Undergrad: 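Sharing a structure, written as structure tokens. Questions coming.
Nothing here was measured: the structure is a model prediction, and the numbers come from that model. The sequence lines fix the lettering, A, B, ..., with proteins before strands; numbering per chain opens at 1. The figures here come from the full heavy-atom set of this structure, side chains too, leaving out hydrogens, waters and symmetry mates.
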Amino acid sequence: MGKRYWLFKSEPSEFSFEDLQHRPRRTTCWDGVRNYQARNLLRDEVKKGDEVLFYHSSTKPPAAVGIAEVVRGGYPDATSDRQDPTWYAVDVRAVRPLPRPVSLAAMRGSPALRSMVLLRRGMRLSVQPVTAAEWRAVLRLAGE
DNA sequence: GCCAACGTTGGC
DNA sequence: GCCAACGTTGGC
């Protein structure tokens with residue numbers, strides 16, 4: 001399967017895109033996800049080479065701020081039983097910040113993003129799929 | 001701080 | 001398996 005696109009949410013007071021950029025090799029283990037739907041995506045769908053929109057929640061305004069890439073696909077996280085893992089992690093590396101952040105309001109205002117998971121019932125999902133068309137639309141809003 | 005959305009838990 | 005109670009997320 002070809003490259004896919006995702007949106008990862010983080011509260012920057014916990015872990016920001018800038019934090020990711022300052023990590024060794026600009027890489028971190030994306031763990032701590034405790035939602036089964038998001039867990040299933042990490043375990044089964046998020047693959048090395050996929051691209052990630054890094055979204056800051058609980059900020060004024062909430063916004064997509066950067067691009068990262070998956071450098072290691074789903075693997076059982078450190079808290080999981082070896083034989084019967086419950087929770088999964090992936091590794092992500094910062095690629096580049098967006099030229100300008102794309103606020104949630106800006107995304108709401110874009111017809112191309114009408115059915116984006118972020119704007120629908122996936123409001124609370126911390127790992128969510130983004131279509132290729134949505135990806136391009138967000139980057140366009142960001143001025144890329 | 002409020003509250004809507006929605007996931008999880010547990011009694012039955 | 002149903003569903004009410006409860007907890008969490010996260011925008012506003």
Side-chain angles (χ1 to χ4, degrees), chain A residues 1 3-23 26-48 50-144:
Chain A
M1 173 169 312
K3 179 169 71 178
R4 296 174 66 183
Y5 302 95
W6 308 98
L7 181 147
F8 285 13
K9 280 200 262 195
S10 184
E11 292 194 27
S13 59
E14 296 298 318
F15 190 81
S16 68
F17 188 72
E18 191 169 58
D19 293 333
L20 180 60
Q21 289 181 290
H22 291 140
R23 281 293 165 104
R26 300 157 62 90
T27 298
T28 196
C29 169
W30 200 263
D31 60 6
V33 170
R34 290 295 181 268
N35 168 280
Y36 289 109
Q37 199 179 341
R39 185 282 306 271
N40 293 348
L41 293 174
L42 292 180
R43 185 188 59 195
D44 305 330
E45 309 288 344
V46 180
K47 304 296 187 189
K48 182 179 179 182
D50 289 354
E51 290 199 87
V52 174
L53 258 186
F54 199 107
Y55 175 87
H56 282 169
S57 64
S58 299
T59 51
K60 294 179 190 173
V65 297
I67 293 171
E69 67 176 324
V70 179
V71 293
R72 184 182 175 191
Y75 59 94
D77 81 355
T79 70
S80 276
D81 183 277
R82 278 271 180 86
Q83 312 303 325
D84 185 23
T86 304
W87 302 114
Y88 281 75
V90 299
D91 290 352
V92 291
R93 176 165 55 204
V95 174
R96 62 185 183 277
L98 294 174
R100 55 173 185 267
V102 180
S103 70
L104 182 62
M107 290 189 258
R108 281 226 170 86
S110 168
L113 299 178
R114 177 161 309 165
S115 46
M116 195 175 184
V117 173
L118 183 69
L119 309 182
R120 314 194 117 235
R121 63 202 147 288
M123 183 90 88
R124 295 174 55 212
L125 196 59
S126 65
V127 172
Q128 37 180 276
V130 174
T131 68
E134 290 164 351
W135 180 269
R136 288 190 298 271
V138 172
L139 266 53
R140 200 176 314 120
L141 290 171
E144 282 207 348

Undergrad: Apply the test side chain to side chain contact (heavy atoms under 4.5 Å, CB included) to residues A:M116 and A:V138: give CA-CA distance (whole Å), side-chain angles for both, the deciding distance (0.1 Å), then the verdict.
TA: CA-CA 11 Å; A:M116 195 175 184; A:V138 172; 4.2 Å; yes
Undergrad: Between A:W87 and A:T79, does a side chain to side chain contact (heavy atoms under 4.5 Å, CB included) hold up when you go through it step by step?
TA: CA-CA 7 Å; A:W87 302 114; A:T79 70; 4.2 Å; yes
Undergrad: Take atom CZ of A:R108 and atom C1' of C:dG10, then tell me their distance rounded to the nearest Å.
TA: 11 Å
Undergrad: Is the ring pair A:F15/A:W30 parallel, tilted or perpendicular, if the boundaries are 30 and 60 degrees?
TA: perpendicular
Undergrad: Evaluate the side-chain proximity of A:Q128 to A:K9: yes if any heavy-atom separation is below 4.5 Å, no if none is.
TA: yes
Undergrad: Does any non-hydrogen side-chain atom of A:Y88 lie less than 4.5 Å from one of A:D44?
TA: no
Undergrad: Among residues 29-43 of chain A, which ones have heavy-atom contacts with DNA chain C below 4.0 Å?
TA: none
Undergrad: Given 3.5 Å as the limit, does a donor-acceptor pair link the side chain of A:R4 with the main chain of A:V46, or not?
TA: no
Undergrad: I want to check something: taking the side chain as every heavy atom from C-beta on, are A:Q21 and A:S16 in contact at a cut-off of under 4.5 Å?
TA: no
Undergrad: Find the distance A:L125:CG to C:dG10:P and express it as a whole number of Å.
TA: 9 Å
Undergrad: A side-chain contact here means heavy atoms from C-beta on lying under 4.5 Å apart; do A:V117 and A:V130 qualify?
TA: no
Undergrad: List every contact pair, protein side and nucleotides 1-7 of chain C side both N or O, where the distance is under 3.5 Å.
TA:
none

Undergrad: Between A:K9 and C:dT9, is there a side-chain N or O to OP1/OP2 distance below 4.0 Å?
TA: no
